[in-house]
Amino acid sequence: MGWRTRPLLGHDARTQDDEPLEEWACRRAERQAASKGKLRAVALGDGPHRGAHVDPGAPRAIEEWTGTEWMAVGVVEDLAAAQALLYPPPPAPEKPAEWDRPAVGEGRGRHRKPSPAEERDQ
């Protein structure tokens, strides 16, 4: 059996041709709309784009995804400033206001553990 005639393991028999073009176009439009406004930082320097950690002191261009291309929207002085812009700290969680709960009274409720003196009296 040749490699072209062997079935793929775990692969659905459907091909991409089975999906109507309208459904694919709708999914593509939703995916593009969801990614619009995404920001990234690109090091400004000589040579190809490399990892952000390579030259942390180099200025960074901030680019925004428009749905079809990356557009420059600003420049920051270094990696730390770019990270502060791209990954702002989450808002501090607000502590909920204290709610009115019934006062803890005397006596034995089902949830209370009896004291040793009460156990002895029974």
Side-chain angles (χ1 to χ4, degrees):
M1 183 180 285
W3 66 272
R4 291 180 188 226
T5 58
R6 204 175 316 159
L8 296 175
L9 297 176
H11 187 283
D12 189 5
R14 290 180 44 160
T15 63
Q16 292 178 353
D17 298 333
D18 291 341
E19 181 181 20
L21 183 59
E22 295 81 23
E23 288 179 17
W24 174 85
C26 182
R27 279 190 309 109
R28 181 174 183 261
E30 288 172 359
R31 192 173 57 247
Q32 282 183 337
S35 67
K36 281 184 183 178
K38 183 177 178 181
L39 296 175
R40 74 175 182 181
V42 178
L44 296 175
D46 297 333
H49 293 279
R50 295 182 284 174
H53 66 282
V54 173
D55 192 6
R60 303 291 202 260
I62 304 299
E63 297 179 337
E64 181 178 11
W65 182 248
T66 64
T68 56
E69 63 183 348
W70 290 99
M71 298 289 294
V73 294
V75 177
V76 294
E77 60 272 4
D78 59 6
L79 176 61
Q83 287 177 335
L85 180 70
L86 296 177
Y87 310 108
E94 292 184 24
K95 189 174 183 179
E98 195 65 30
W99 52 280
D100 293 329
R101 56 181 158 217
V104 178
E106 293 294 323
R108 293 177 37 193
R110 290 187 307 169
H111 63 284
R112 298 181 195 273
K113 182 176 179 182
S115 66
E118 290 175 347
E119 290 178 359
R120 196 177 52 224
D121 295 339
Q122 290 181 359

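Values below: all heavy atoms of this structure, side chains included; hydrogens, waters and symmetry mates excluded. Here the structure is a predicted model, which means the values were calculated and not measured.
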In terms of heavy-atom contacts, Val73 and Glu64 come closest through CG1-OE1, 3.6 Å
[X]: side-chain contact (heavy atoms from CB on, under 4.5 Å) partners, not counting sequence neighbours:
X: Glu77; result: Ala81
X: Glu69; result: Thr66, Met71
X: Ala84; result: none
X: Glu22; result: Pro20

Side-chain donor-acceptor distances from residues 34-41 under 3.5 Å, at least two apart:
from: Ser35; atom 1: OG; to: Arg31; atom 2: O; distance (Å): 3.4
from: Ser35; atom 1: OG; to: Gln32; atom 2: O; distance (Å): 3.1
from: Ser35; atom 1: OG; to: Trp65; atom 2: NE1; distance (Å): 3.3
from: Arg40; atom 1: NE; to: Glu63; atom 2: OE1; distance (Å): 2.8
from: Arg40; atom 1: NH2; to: Glu63; atom 2: OE1; distance (Å): 2.9

I'd like to know if Leu86 and Leu79 are part of one continuous hydrophobic network [Ile/Leu/Val/Met/Phe/Trp/Tyr, side-chain heavy atoms within less than 4.5 Å].
no
CG/Asp18 to CD/Glu23 distance, rounded to the nearest 0.5 angstrom?
11.0 Å
Residues clustered with [X], ILVMFWY side-chain links under 4.5 angstrom:
X: Leu21; result: Trp24
X: Val42; result: none
X: Val75; result: Leu44

